[in-house]
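Note that the structure is a prediction, hence the values are computed from the model and not measured.
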Amino acid sequence: MPEKTDLSESQRDAIRRINGERRRAQARHLRYRLAVLGPTTKAVIAHAGGLLFDRMMAGWSVTTLVADDSDPRPLEILGARVLDLESALAPDLRAALTSSDHTPWPHAVVVAGELCENDPRLEEGVERALERGATDIMMWGRSGVTSIDRRLSPLEHQLSNAARMFKAQALAAAAPTASGEVTVTERFRSSDLSVVGDGVLQHL
């Protein structure tokens, strides 16, 4: 297991602040559920950190599932619960994605395309979710699976100012030596038919 990176005082303070915001958001009782699946903590933050933060602030329950065993604390800065992908995929998420009822868990999934390409279980779950249309599927990168890629259309999520600030904190914690400004948008491809014509994701 890699050595855990010590968080700075400002990053620990960010986690405390976001925990308070998460408690207030949860009191709104919206409780839509978002799952974000990626190969590493850094990849999840870099590609979807702003989206998961903004959804959390809107009252969603956000769970991240990562394939490696890197330090989960940077994702906690964004208010996400962190699970191991391999442990969660077989008994929980895969069954939910292939569920035939009308209230599958989760309501929306954001996934790295490379995971679908490399894991037949996830590929099957995403394909069935797309067929049934009950779960919004968003993806960064391409899956390499034609039947999945052809069902997804490009869109952008515009980060709130708070999302940009917290994403920068999380990236600094996940990759202290990395540099670069957090962009105002995150790009995905999505099955969500409620996206407006210019491709900007609308908050629920």
Side-chain angles (χ1 to χ4, degrees), residues 18 21-22 25-26 28-39 41 43-67 75 78-83 85 88-89 92-116 119 121-143 145 147-160 163 166-167 170 185-196 198-204:
I18 203 61
E21 292 294 338
R22 178 167 52 183
Q26 289 172 345
R28 299 171 196 165
H29 303 296
L30 297 178
R31 310 318 296 146
Y32 288 108
R33 293 178 292 276
L34 170 68
V36 184
L37 290 68
T41 293
V44 169
I45 296 169
H47 292 280
L51 173 67
L52 71 86
F53 177 89
D54 283 330
R55 285 290 176 95
M56 184 281 301
M57 290 297 289
W60 287 56
S61 174
V62 179
T63 301
T64 57
L65 302 99
V66 293
L75 282 164
L78 298 174
R81 184 174 62 139
V82 186
L83 300 176
L85 177 61
L89 183 59
D92 189 2
L93 185 60
R94 181 168 178 253
L97 285 171
T98 59
S99 172
S100 60
D101 64 34
H102 297 291
T103 56
W105 186 93
H107 298 87
V109 171
V110 180
V111 58
E114 66 187 81
L115 293 182
C116 290
D119 192 322
R121 299 168 301 173
L122 191 52
E123 176 189 337
E124 177 191 2
V126 169
E127 284 193 300
R128 291 194 181 184
L130 288 169
E131 289 171 3
R132 294 195 171 105
T135 301
D136 290 336
I137 301 294
M138 298 174 63
M139 183 175 292
W140 75 82
R142 289 193 172 272
S143 72
V145 181
S147 57
I148 292 177
D149 289 333
R150 70 186 181 191
R151 292 188 174 104
L152 304 178
S153 300
L155 67 85
E156 292 184 344
H157 170 68
Q158 185 164 347
L159 280 64
S160 66
F166 278 95
K167 180 175 177 176
T185 60
E186 292 170 339
R187 294 183 178 183
F188 305 95
R189 291 177 305 113
S190 174
S191 64
D192 186 359
L193 299 181
S194 69
V195 175
V196 296
D198 62 1
V200 178
L201 180 66
Q202 300 300 292
H203 294 292
L204 298 181

Sidechain-backbone polar pair: Asp149 side chain, Ser143 backbone, donor-acceptor under 3.5 Å: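 Yes, because the side chain of Asp149 sits within donor-acceptor range (under 3.5 Å) of the backbone of Ser143.
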Polar side-chain atom of Thr64 near backbone of Thr41 as donor-acceptor pair, under 3.5 Å: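 The answer is no, because no donor-acceptor pair under 3.5 Å joins these two groups.
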Electrostatic pair Glu186-Lys167, nearest N-O below 4.0 angstrom: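 Salt bridge: yes.
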From Val36, Thr185, Val62, Val110, residue fulfilling side-chain contact (heavy atoms from CB on, under 4.5 Å) relative to Leu51: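 Only match with Leu51 under side-chain contact (heavy atoms from CB on, under 4.5 Å): Val110.
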Trp140 vs Phe188, ring pair (Phe, Tyr, Trp, His ring centres under 6.0 Å): CA-CA, chis, key distance, verdict: CA-CA 5 Å; Trp140 75 82; Phe188 305 95; 7.0 Å; no
Within this structure, what is the [atom1]-[atom2] distance for the pair [X] and [Y], rounded to the nearest 0.5 Å?
{"X": "Ser190", "Y": "Leu152", "atom1": "OG", "atom2": "CG", "result": "7.0 Å"}
{"X": "Leu34", "Y": "Arg55", "atom1": "CG", "atom2": "CZ", "result": "6.0 Å"}
{"X": "Leu159", "Y": "Asp54", "atom1": "CG", "atom2": "CG", "result": "6.0 Å"}
{"X": "Glu127", "Y": "Leu122", "atom1": "CD", "atom2": "CG", "result": "10.5 Å"}
{"X": "Leu85", "Y": "Asp119", "atom1": "CG", "atom2": "CG", "result": "7.0 Å"}

Distance-only polar pair, side chains of Arg151 and Ser191, donor-acceptor under 3.5 Å: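 Per modelled atom types, Arg151 and Ser191 side chains form no pair under 3.5 Å.
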Distance-only polar pair, side chains of Asp136 and His107, donor-acceptor under 3.5 Å: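 No pair is found: no donor N or O on one side chain lies under 3.5 Å from an acceptor on the other.
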For the student: nearest non-hydrogen atoms of Phe53 and Leu78, plus distance: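 Closest heavy-atom pair between Phe53 and Leu78: CD1-O, 3.8 Å.
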